[in-house]
Amino acid sequence: MQTLDAGWDMAAIGEGESTLLSLVDAKGDLTGITGLAYRDATGNLIRTGKAKQRDLNDFPGFALKWDKFNALEITRGCIYACPQ
């Protein structure tokens, strides 16, 4: 995987919204988190399968809590057609 070969420790496979939230909740334990690619201690590529795709409407473009509104654009997919 090109991202890992470029020196990154971990990469998201496909959509990363649910993977990111799972990583934060996991507090360092990768067990059961889907949507990841990383290398184990021996350098073997580990893929944890496809992550659950989140509805983009779950990510509003404003914060009601602080009554703040920003321009926000969220799209799906890689415009460069990167291999996964």
Side-chain angles (χ1 to χ4, degrees):
M1 174 169 247
Q2 293 173 335
T3 303
L4 299 176
D5 292 341
W8 291 90
D9 294 327
M10 191 176 300
I13 299 172
E15 309 301 337
E17 295 93 355
S18 63
T19 302
L20 178 61
L21 296 174
S22 296
L23 281 171
V24 170
D25 291 340
K27 300 176 184 169
D29 181 10
L30 302 181
T31 306
I33 298 178
T34 59
L36 292 177
Y38 60 92
R39 297 200 186 278
D40 66 11
T42 62
N44 293 319
L45 179 64
I46 306 297
R47 292 176 182 244
T48 63
K50 191 173 180 178
K52 179 183 174 191
Q53 189 169 340
R54 294 279 305 259
D55 185 343
L56 291 181
N57 291 325
D58 290 347
F59 302 93
F62 51 86
L64 290 175
K65 181 177 179 179
W66 293 286
D67 198 29
K68 301 287 183 188
F69 296 85
N70 292 325
L72 178 69
E73 181 178 343
I74 299 178
T75 61
R76 287 254 184 239
C78 176
I79 61 170
Y80 304 106
C82 301
Q84 294 185 17

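Screening L36, I13, V24, T48 against T19 for a side chain to side chain contact (heavy atoms under 4.5 Å, CB included) leaves a single residue, L36.
Within the 4.5 Å cutoff, the side chain of R39 has heavy atoms near those of the D5 side chain.
When the side chains of ILVMFWY residues are joined at heavy-atom separations under 4.5 Å, either directly or via intervening members, W8 and I46 end up in two distinct hydrophobic clusters. Linking Ile, Leu, Val, Met, Phe, Trp and Tyr residues whenever their side-chain heavy atoms come within less than 4.5 Å leaves I33 and L21 in two separate clusters.
Distance check, rounded to the nearest 0.5 Å: OG of S22 to CG of D29 gives 11.5 Å. Distance CE/M10 to CG/L23: 6.0 Å, rounded to 0.5 Å.
Applying the 6.0 Å contact sphere to CG of D9 captures no more than 12 heavy atoms from other residues, nucleotides or ligands.
A donor-acceptor pair under 3.5 Å links the side-chain atoms of S18 to the main chain of K52, judged by distance alone.
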